[in-house]
Amino acid sequence: MRYINFTSDPPAIAPDEFFMNEALKEARVALSLDEVPIGAVVVCNGRIIGRGHNLTEQLNDVTAHAEMQAFTAAANYLGGKYLKDCTLYVTIEPCIMCAGASYWTQISRIVFGAHDVKRGFMRINQQITHPKTEIVAGIKENECSTIVKEFFQRKRT
């Protein structure tokens with residue numbers, strides 16, 4: 001007789017990858033609207049409580065980034081402005097504005113897919129995010145960077 005221990009089996013997909021796939025879905029929504037295809041989700045206790053994608057063209061608002069949309073949705077869901085014990089998943093490294101907003105939310109983690117070497121917050125050597133915020137980079141990096149690169153290549157042709 002053989003016994004199988006199901007508790008030691010690794011999950012089919014890691015949580016960071018699963019939620020980055022959800023952020024990628026949001027990026028595809030932005031792409032369908034001819035927006036820069038960046039998507040974000042905010043997760044608390046394993047549940048998505050905020051979603052967002054770029055809406056800068058649709059809203060004619062330079063601050064309507066995916067992260068800002070997701071922060072607002074999550075804060076509305078929780079009924080407060082602080083996102084402690086939450087994780088932001090975003091397909092591209094947040095810009096300085098979005099990283100600064102994350103500071104004020106006191107979000108616990110930021111997980112992003114691809115670096116933004118031109119406008120990402122990590123390019124400057126200053127503490128922009130909250131000191132207790134954990135940063136994780138490179139989750140599904142190829143997929144996250146490819147969708148943006150292809151978007152801009154189509155724009156240039």
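When reading the values below, keep in mind they use all heavy atoms of this one structure, side chains included, and skip hydrogens, waters and symmetry mates.
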Answer yes if Ile48 and Ile139 sit in the same cluster of Ile, Leu, Val, Met, Phe, Trp and Tyr residues linked by side chain heavy atoms under 4.5 Å apart, and no otherwise.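 In one cluster: yes.
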In this structure, which one of Lys84, Lys132, Lys81, His130 forms a side-chain hydrogen bond (donor to acceptor under 3.5 Å, both in side chains) with Gln106?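 Single pass found, and it is Lys84.
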Could you check whether any side-chain N or O of [X] sits under 3.5 Å from a backbone N or O of [Y], counting only pairs where one atom can act as donor and the other as acceptor?
| X | Y | answer |
| --- | --- | --- |
| Glu67 | Ala99 | no |
| Glu26 | Ala66 | no |
| Glu93 | Met122 | yes |

Decide yes or no on side chain to side chain contact (heavy atoms under 4.5 Å, CB included) for Val43 and Phe18, but give the supporting numbers first. CA-CA 11 Å; Val43 175; Phe18 175 83; over 6 Å; no
[X] side, atom [atom1]; [Y] side, atom [atom2] - distance, nearest 0.5 Å:
| X | Y | atom1 | atom2 | answer |
| --- | --- | --- | --- | --- |
| Asp61 | Asn54 | CG | CG | 11.0 Å |
| Ile107 | Thr87 | CD1 | OG1 | 6.5 Å |
| Phe112 | Cys144 | CZ | SG | 10.5 Å |

For Arg47, does the CZ atom have more than 12 heavy-atom neighbours from other residues, nucleotides or ligands under 6.0 Å away?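 No, CZ of Arg47 has 12 or fewer neighbouring heavy atoms, counting only those of other groups under 6.0 Å.
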Can you establish whether the number of heavy atoms outside Phe151 located under 6.0 Å from its atom CZ is more than 12?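 Yes.
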Just do the side chain to side chain donor-acceptor pair (under 3.5 Å) check on Gln127 and Thr129 with the steps written out, would you? CA-CA 6 Å; Gln127 180 72 45; Thr129 60; 3.2 Å; yes
Between the side chains of Arg51 and Glu22, is the shortest nitrogen-to-carboxylate-oxygen separation below 4.0 Å, so that they form an ion pair?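 Yes, Glu22 and Arg51 are salt-bridged.
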